[in-house]
Amino acid sequence: MNFQSIAFLAFLALTAAVCLAAGRSSRRRGMLLLGAASAVFYLLAPRGAAGMLVLLLGCGVTKWAAERIAGPCRRHPALVAACVYHIAVLAVFKYTGFFTGGALSMEWAPVGLSFFTFQQLWYLKEVCTGQYVPAREDSLVLYSFFFPTVTSGPILKPQAFFPQLREGRFLHPEWADIAAGLYAICCGTMKKVLLADAFGVVVNNGWGRLGELSAPAAWLVVLGYTLQLYFDFSGYCDIAAGSARLLGLRLPVNFNSPYRSLSVGEFWKRWHITLTSFLRECLYIPLGGSRKGAARTYLNILVVFLISGFWHGAGWTFLVWGALHGLAQAAERAWGPGRERLPVWLRWGLTFLFVNAAWVFFRAPDLSGAADLLGRAVAGGFAKPQEWLLAGLYGKEINAVEMLVPAVRSWTNILRVVILYGVGLLAALWPRNTVARMDTFRPTIWRGAVLVAGMVWSVLSFTGIATFIYSNF
Amino acid sequence: MKQAYRRWVCGLLAAVLALLTLCAAVVYTVDPCLYYRMPETWDPVFFSERYQAAGLVRNVPADTVVLGTSMVANYRAGQVAETFGGTAVRVTLPDGYFSEFDQVMTALYRKQNPKRVVFGLDANILMRDEDGGHDAVMPDYLYNENPLDDVKYLLNKDTLYYSLYVLMANRWGQGQTLDEGFTWDGDIWWNHMTALEEYQRPEIATQQLAAEAYAGQVEENLQVVTGWLAAHPDTEFDIFFPPYSLLYWDKTIRQGHTDAVFAALEQACWTLLRYDNVRLFGFLFDREITEDLDNYCDYVHHSGQVCTEILQKMAAGEMELTAESWEKTLANWREFVVHYDYDKFWTDAFWWKWNIDHGAPVVWKPAV
């Protein structure tokens, strides 16, 4: 069930109503109902039943290992066995094709397997290091299948989830929580439906006819994907955080205005924060972090980002994307404080340019495709962007405007580009992230009016909307 | 403060629900896809075959249903009704796939039980793989039995736009009739020059495609049709091969597909003629129509005049293939198309003579 669907909104309303009502009389009953609703949510996904079996088995392995570890340890056999199991399952489902050169490949993978695997590993690591002591009433199944996070995260640390289940707000949200939750759900839905999918139209048109792109058109495609990916995933995270808040739970911030970053290192402190935290705590630090000299630090950074790239997709383009980010951060460290003395606008510009260029590899079907697009961006000539680049962009909206105000017909193309990219850049660079704004949210009529208009437009646009990009990872 | 949050939440939800209800009410009332009813106070406007076919088969009472790809788009329901008696509706799915026709037929028989279905069985789609890549998407929510997902029709910016469009078109006097909806023969110059200009003559292939190359796809596609035949024994199915021009055969032969195409046609004849409620017509083998390139706008699509001719021939039982005749008809046609002189279509002298024979004024003479 996609977040951006009427079915999900109905499911969310029903789940919230039932769980909150049950939670008022008994928190335990409410939690059981929330677990049941999460199971239904997962079962409704493609091959949900089979996927659920695989993930339940994984939960069983995690629980078995956690019970045996019982306290701080380093290399407990149960921990090693559970980690090997989780990584093996992920490798079989996701990387069989890559490792066998396509000779063998799995036709499907359980929905959310990548996120599930990292969350299980994080849970085990926290238990093993004594950072988290499991309680008897902890529901590992709810932690793993919690419906707002099960498909694409954020990846939850156990201490960011379980203690909340025992606190006052869980299933007892205040009106301020509900208002903030609705605010995030509306913002996330608008980001996904009105912005991300609109950029997706331009991006897909461009990638479909790479050889014909002029340089300005190629840059529209490159920048379009940068913004599409951000609004797609951060929109998803906003909806997840909003849904959780309706149930009285708080999810960690996963995006903190990443495109404002002044360095690639800072970018990774703001982009997919829970993944970065996981990789830092579970991989970078165990590898030695920055404690073993400069060369080893650079190597560790590179290893972490190569693994991050490979986690995102089993292909050379993802490895190159990861390597680029790893090398850029190593280079920034090697440069040292000298970089800080550059003007802010230059640091921002260099970082944003690098991130844009690197996303080309993330989106490209293969390395030559990425080289083609970057080649067009540099040497594609200065002709104005072709009209077909905008085919299908806000199609019906533009038709309606042209029908009602025929005079604007000759301006609609330029208006579409200026409005979409203008609003997109503004929304990505100016306001604080939605999840942070939830904590200081104040209801105003103006905010309400914008959200009502945006939400109605989004709901009317649901039919025919693309799935979240990150649900593929 | 608690009250302020509460009021804001209730106001937000109420406003969103009220506006969505208003949008749904507009779509329900105007009903641009004709899904709930045929309009009485304004004329329908036809804008998308796949979005409106469900409404047409649900809400237009029809004794005869004409179904097919763009090859049947220019048949007028009025003419069909005149030819066969009773009422009629024509439903076209341009570049349609058999799974899509099946959805239409399921929706049709859910609402009514026609006496006759006239189905244009294109040679091209007969041999096409269902997984070959659908360019257009059927709105499944209009064809299934689930009333809950009709919400996708009611809360949909496309249908909201078309509701507005229908009202504006009627205001501008641009409403349409069922007869003329989705027809396009009036916009085209039906002439051998158009046909030849739109035809890209392929290079001669060095290898012949094996006769059984399409057998799997053909069998799969025919299973859909035979499913209809078996499920509705009281309906007469008049299935016909639409008459592609001779340029189609030029293409087939040059590409080396002759054996495969004839094998597919034989498979279709053999399969379909085993059913008692089928009449099969081979207009694809009608030299009178296919040789006259002035009937065409490309290598397959023919004029509305040909549609009229076909209806008359069908009613008179001409070009009908029977269990006894189909093999001989196909063998004769193969003999004809294989030995036909297609090159003449690219000579000025041929068309000079053709124009004279067909009464065109002689304004030039080709150099000899």
Side-chain angles (χ1 to χ4, degrees), chain A residues 5-7 9-10 12-13 16-17 173-183 185-187 189-190 193-194 197 242 245-246 392 394-406 441-465, chain B residues 1-27 32-33 45 47-48 50-51 133 135-142 146 148-172 174:
Chain A
S5 67
I6 293 168
L9 294 180
L12 179 62
E174 295 179 357
W175 281 103
D177 291 315
I178 294 176
L182 288 177
Y183 168 71
I185 290 169
C186 291
C187 286
T189 307
M190 286 154 60
V193 178
L194 303 182
D197 288 346
R245 186 66 73 89
L246 292 184
Y394 296 133
K396 288 294 176 288
E397 289 88 338
I398 290 297
N399 287 347
V401 169
E402 287 179 349
M403 186 165 59
L404 296 171
V405 193
F441 178 74
R442 291 285 176 274
T444 63
I445 290 179
W446 182 84
R447 269 192 185 138
V450 171
L451 294 182
V452 167
M455 196 61 188
V456 168
W457 185 6
S458 301
V459 171
L460 293 176
S461 308
F462 277 171
T463 306
I465 292 297
Chain B
M1 198 62 192
K2 184 179 161 186
Q3 281 301 317
Y5 282 110
R6 188 178 178 165
R7 270 201 306 274
W8 189 86
V9 167
C10 294
L12 180 87
L13 293 177
V16 169
L17 286 175
L19 277 174
L20 290 178
T21 307
L22 180 68
C23 293
V26 170
V27 174
C33 292
V45 175
F47 53 84
S48 164
R50 281 171 172 78
Y51 276 78
D135 284 337
V137 179
M138 283 290 261
D140 294 338
Y141 51 88
L142 294 179
N146 180 4
L148 288 180
D149 67 4
D150 289 359
V151 73
K152 290 182 181 173
Y153 173 54
L154 296 171
L155 294 178
N156 183 327
K157 71 176 178 188
D158 292 0
T159 54
L160 186 64
Y161 162 75
Y162 281 116
S163 300
L164 178 69
Y165 179 67
V166 166
L167 297 178
M168 296 297 278
N170 271 272
R171 198 173 152 191
W172 299 328
Q174 292 175 358

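The model shown is predicted, which means the values in this text are computed figures rather than measured ones. Lettering follows sequence order; numbering is per chain, from 1. Computed over heavy atoms, backbone and side chain alike; hydrogens, waters and symmetry mates excluded.
- Atom NZ in B:K152 sits 11.5 Å away from atom CZ in A:F462 (nearest 0.5 Å).
- The part of A:T444 that comes within reach of chain B is its backbone (N, CA, C, O), which places non-hydrogen atoms under 4.5 angstrom from that chain.
- Residue B:L12 holds its CG atom at 12.5 Å from CZ of A:R447, rounded to the nearest 0.5 Å.
- Screening A:L451, A:I178, A:I445 for a side chain to side chain contact (heavy atoms under 4.5 Å, CB included) with B:W8, the sole residue that qualifies is A:L451.
- Contact annotation: the side chain of B:M168 approaches that of A:L404 to within less than 4.5 Å [non-hydrogen atoms, C-beta and beyond].
- Of the atoms belonging to B:L17, not a single heavy atom falls under 4.5 Å from chain A.
- Counting heavy-atom neighbours within 6.0 Å of B:W172 CH2, excluding the residue itself, gives a total above 12.
- The choice from A:A176, A:A400, A:G448, A:C186 that makes the most heavy-atom pairs within less than 4.5 Å of chain B is A:A176.
- The shortest distance between side-chain heavy atoms of B:Y165 and A:N399 does not fall below 4.5 Å.
- Residue contact with chain A, scored on non-hydrogen atoms closer than 4.5 Å, involves the side chain of B:L160 exclusively.
- A 4.5 Å side-chain heavy-atom check between B:D158 and A:T463 finds every atom pair outside the cut-off.
- With contacts defined as side-chain heavy-atom distances shorter than 4.5 Å, the pair A:K396/B:Y162 qualifies.
- We find the CD1-CG distance between A:I6 and B:L155 to be 4.5 Å, quoted to the nearest 0.5 Å.
- Smallest separation of non-hydrogen atoms from A:A179 and B:Y5: CB-CD2, 3.6 Å.
- If you measure heavy-atom distances from A:E397 to chain B, the contacts under 4.5 Å come from the side chain alone.
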